Every structure is written in C-alpha cells, then in structure tokens.
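Let me begin by presenting the structure, written as structure tokens, before commenting on it.
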Protein chains: 2
Amino acid sequence: MSNVVHNRPVVKPDTRQRVLEAIAKLDYHPSRVAQGLRQQASRAIGFLVLDPNPRWPADPLHAEVLAGMSETATKHDYSLLLDRPPGNGHLTARELLQPFRSGQIDAAIVALAGTSDSHQHALDALNQAGVLFAVLEREIEGECAYSVMGANEDGAYAATQKLLRDGRRQIAFLDSTQMWPAIELRLNGYRRAMREAGLEANILISPSPDWTSAGGAVAMHGLLERCERKGLPYPDAVLAGNDVLAVGAMHVLRERGLHVPGDVAVIGFDDFEFARYVDPPLTTVRLPAYEMGKRAAELLIAHLEGRPTSQRRHILPTELIVRQSG
Amino acid sequence: MSNVVHNRPVVKPDTRQRVLEAIAKLDYHPSRVAQGLRQQASRAIGFLVLDPNPRWPADPLHAEVLAGMSETATKHDYSLLLDRPPGNGHLTARELLQPFRSGQIDAAIVALAGTSDSHQHALDALNQAGVLFAVLEREIEGECAYSVMGANEDGAYAATQKLLRDGRRQIAFLDSTQMWPAIELRLNGYRRAMREAGLEANILISPSPDWTSAGGAVAMHGLLERCERKGLPYPDAVLAGNDVLAVGAMHVLRERGLHVPGDVAVIGFDDFEFARYVDPPLTTVRLPAYEMGKRAAELLIAHLEGRPTSQRRHILPTELIVRQSG
DNA sequence: TTGAAAGCGTTACCAT
DNA sequence: ATGGTAACGCTTTCAA
C-alpha cells in the first residue's frame, strides 16, 4: 500500500492495479500529519519573522521574499508555515524553537528585525538546538545555518559614490530607530564612501520612527529642521534606507518647494515595484528580494533531502538603477 | 500529564508540581503533529490563493490581507499555512481539498483569481466536502462557508459619482484581462453610475495584461491610442481597477504631457500605502484589507471553537478618500 | 512479493 | 485522583 503510493517498484503490476482501484473507490487521501508523525518530518518550512510589527507582510521587500519562498516550496511539494513571535517580539529561545520541537516545520527561514546583535541569543539558540535554518540579511555561522544576503554594503557604497561623482557633498542617510540588520550594512557602505572621499565630517543621519513612507517623511522633516536649527546648509543629496522611506522623503522635499534632483538628489534602496513610477522616477539600488527568498528555500530543501550545500554564505548582487531622482 | 499541560483542574496541586518539574527537567515539548493526529485537528488555518501568479504576495492588497490573518491567527495560537495551487493554477477539486484531507489545516481562507464563475467548481467542491472556509471578495453560500468582502460596488459607484459631480463625462475604467471577482463588482458600480447619469454610451473599458503598474501603463496607453484611432476625444477621467494600475496610468499621462487632474482626473482603488505619496496624491477608494484578513480569520477560528457566527456574509465598508488626482 | 505488526507522541477512556 | 492502555493513520520492518 505504502509502496504503491510512493511508486516503489517492489509491487507486482496487477497488485498495484488492485490497490490503486481501492484508493480511487475509497477516495483515500494520505494524512500528512500521520506521515509527519511517523517519519519525524513535516515537509514544511517555516518563515520566522522576528519583527514585532504585525504588518510586516505589507513591506514590499518582505512580500517579495515571501513570494520567492512560496514559489520554491510549492515546487518541491513543501508547505510554508508563517510564524510570528507572539506579542511583543522579544523572543525566548523556547518560543523560537517551538515550531521545530513540536514537529511543525523541518527548517526555517529567519527574518530579523532590530540591530544585528539584538537577536544573537535567538540565533545561538537555534544553532545550539541543531535545527536547520537560513537567516536573511545577516552573517551567521553554525552547523546547519545558511545565510542569504543582498550585497547591501556594496550597493550603498556604489550609490554614495555615484552621488559624489555628481558633485554632491552634503549627503545624508535616512535610517530608522527600528533597526534592521541590512540597514547597518547599508550604513556601513555609505560611511565608507564618505570617509574615502574625505567627507567624514559631512556624515549626517536622520532616523525614521518606522519603515513606512510616513516615517520617511518624518525623517526628512527632522533632517531639514536640524539643518535649520544649526544653521547648516540643506543636504544636497539623500540616500534613503529603502525605497519606502525615499518616497516619503521626496514628498516632503516637494512640499518644501525643493526640487528633486535639482536641489536635493534622492536615491532609494530595493527597487520595489513603484520606484519607477514616482515623480521623479526613483534612482535606487536593486535588491533581488524574490531571488533571495527562492535561494533560501532551495538551500533548506536541498539540505533536507540530503544534499547540503557546502557554501553557507550566499550574497546576491545588488545593482544601481539610475533613473531621475539622483 | 496531559491534564497538567492543559491546565485541567483534576490534578492535585502537588502532583501537578511533580509533573511540571519533570517537564522542565526533560525539556519536554508537546508535539503538535501528534496532537493533530490524535485530535483530528491541526490548529492551523490555510491561505489558499487560487492565483497562478507566483508573485501574488507582492500585491499590496494581498499582503495586507495576509498581515491581518497572520496577526489574528497568532493571537489565537493558530498556525498559518500558505498554500498555492501547483503549477498552472487550474485546480482540480482533489488538489484543493488536499490540505484539508491530509489534516494540515482545519479551515481555509480562499482568495480567488479569475472571473467569479471560473472557480465555481472549486467552491462547490469545498462545500460538498463539508470543509470550513471563508472566501474573500466573493458571494458564497454553503453550510460552512463565510464570505468577507469590501463594499466594492458601492465604492466604485461613489467614485464615479464624484467624477460626474465634478463635471467629468468621458470616464474610462481600467480593468484587466486577468479577471478577479472584486473587479467585476467595481465594474458594476462604475457601470451603474454611468447608466444612471445617462452616459451609458460613454462607458469605456481598457484592459491591463496583469495587475502591475507596468500593466496599468499598458492599459492607459491602449486607451489613449484607441481614442486617437477612432477620432474620439481623450477621456477626462479614469477610474482604475486598483491603485497599482492607477500609478502606471498616471505615469503615462504625465509622459504624454497630460495634466492630472486638469486634463484627466484619476481615481484608484484600495488606498495602498503609497497612494498619498505619488504625484499628485491619489484620490482613491479605501478598502479595509487588513481588517478583512482579520475578520476572515476570526470567523473561522470562532467557528472552529464551537462559536459559529450566524451572519455568513460580511461586507466591510469602503470610503472615498479625496486627494488631488481626481 | 505480500501481509502482519510495531511504533511515532499524543489524548481519551477506563480501571484502579 | 491517578496510572495504564488503546487508538489516531501512517511507514517500516520482519516473517511468511
């Protein structure tokens, strides 16, 4: 019976035929739950989002990653389980491991919020438990740990250099009080480019309260006000932590009568769908989010099927997409 | 033991104490899989997306719905399983029911693509199997079927009326060859308003090949070309099937040197995050997508816990948000 | 090649 | 109030 369902060649053709008929007649459906219990494997991978913001799927980047994961999981007949931390977002190791221990998932893709060290204990716990996982946008080491990243630092470096080449000198960076590992890397790239250009003194960072466009507007607002208060000149360029922030920032600039890119150049990050449709079309650093989701899922599934990939650190290239905003 | 874990009051305090200690010492974790097998209930709800486009999570509306579902599921300690049709998107009843029959989910939220009748057989199959589900944006009847909708027709009607009140007469609608139940309703609202204004002859519909902004640009392009070919005047207003399309359409209008809203008013649908940040800020019909996801999940979970809601048809109100594009 | 039986980790039931 | 046992539906192993 089991041998028939799984197409194993140890059954005589006519026996197989009989069994198949019975299956059809009884409208039999194998229970994946029972299979899971017996085989100690659920054929499901989890998406563990360590972000207290319940609206995280609405972030275009997360959505793209999710789409890539889902596509790949389906292709390999794996299920995808969405898992969020209950409540406040501060996880104990126990909570994190729960879906593994309870047999719900065989592996997980982990998306972090917060600074890169804030969830170190969580990753340590995963490692110590010996479970299989892939972390997005974050270096990680461990027996069964993969990491899938975009070239965030390179991208931010290239974007800053482009602005410098265009003669911009007062280049500001928009980040957020809600930290996020990729942003640290982007900041690093920005800082390095400024330092190498001898403009360390011009480094200027303004935080958004969150990762929405409304937050981006707040950050831009704060930036301009700070300049006014201190009698500093306005920045002549802004590198935004991501496109969503950039959109809000451009809105504020327009409201203030500042021309983009004439007065202030703006470059975003991610190249989300709407980047080319805002006015002016947004120059940005493309991050291959969909591909990252795919890659992470592929690595985990290959590992689960006995084909672990020796390369644990996967960095997908970013690309500067020059449009008209900067 | 089971009684202790589930806090049943049939155990003596000191026995409970002893068991709890053992649990801690052995680092015991209940297996949800075994629980599922034993109780014939997985404590998971599925999101069945009958859309062949693998990038569906990147659609802002879907993402918001997903966020609402995820939030609610987590709150009630339910898992959320993402389920896509394998491959082409044309589902057999068998494939649709698979996650139910295999015990992976106790209920599902179903998002349809295609015309409202194209998946009728799928919904019939769900009904006939007696499984619990909620359909988004689509009327449904059945023993265990809920439907959660936005007031699509009302919204489109109100938007069209607003344009008429502003003196617009040549109002076009942007839909898509990739149909979608909600769009049929929006079209109905548009048609009804035009008919009631005696402008049935002016009804003009241009399709996008998909639901991206690029598609919206194609639809707008096609619309203008059709007018030119037939020697018709350009439309003085456009009601887009959703905001994503509207963004692409506005882009084309600007490229052609047409002023929004001076020459052509544009109204979108959904009120996604970026609607207020495009230029000019997009007038649109707000659809409470997050709330719809929440509601659907709540209805299912309440039903599963023995508290079925008598009202099966839930229509959440839409609201016309007037900004500057129309 | 086939059929029977054990066991995966729970919970529900039934003796104690 | 407690401990033992069967059963959930499958796969694997072992004997026939």
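Below, read A as the first sequence line, B as the second, and so on, with proteins coming before strands; counting in each chain starts at 1. We use all heavy atoms of the structure for the numbers below, so side chains are in, but hydrogens, waters and symmetry mates are not. From a predicted model like this one, the values you see are computed outputs, not experimental measurements.
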Side chain to side chain donor-acceptor pair (under 3.5 Å) against S2(A), all qualifying residues, sequence neighbours excluded: R8(A)

Short side-chain donor-acceptor distance under 3.5 Å, R16(A) and N7(A): yes

Side-chain donor-acceptor contact under 3.5 Å, E143(B) with N127(B): no

N/O donor-acceptor pair under 3.5 Å between T309(A) side chain and Q311(A) backbone: no

base_contact_polar (dT10(C) base, R38(B) side chain, donor-acceptor, <3.5 Å):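 Answer is no: no donor-acceptor pair is held.
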
Find which nucleotide of DNA chain C each of Q39(A) and Q39(B) is nearest to by heavy atoms, and output the residue with the more 5' nucleotide.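 It is Q39(A) whose nearest nucleotide is closer to the 5' end.
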
All side chain to side chain contact (heavy atoms under 4.5 Å, CB included) counterparts of E139(B), not counting sequence neighbours: M149(B), R313(B)

Restricting both atoms to N or O, compile the protein contacts to nucleotides 14-16 of chain D shorter than 3.5 Å, with distance only.
none

Below the 4.0 Å mark, does dG9(D) have OP1 or OP2 next to a side-chain nitrogen or oxygen of Q40(B)? yes

Which pairs pass ring pair (Phe, Tyr, Trp, His ring centres under 6.0 Å) with one or both residues in residues 25-75 of chain B, sequence neighbours excluded?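 Counting only pairs at least two positions apart or across chains, the ring pair (Phe, Tyr, Trp, His ring centres under 6.0 Å) contacts touching residues 25-75 of chain B are F47(B)-W56(B), W56(B)-H62(B).
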
Which residues share a salt bridge (charged side-chain N to carboxylate O under 4.0 Å, His left out) with D270(A), sequence neighbours left out: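 In terms of salt bridge (charged side-chain N to carboxylate O under 4.0 Å, His left out), with neighbours along the sequence ignored, D270(A) is linked to R186(A).
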
What parts of residues 9-34 of chain B reach DNA chain C, counting only heavy atoms under 4.0 Å away? Y28(B), H29(B), P30(B), S31(B), A34(B)

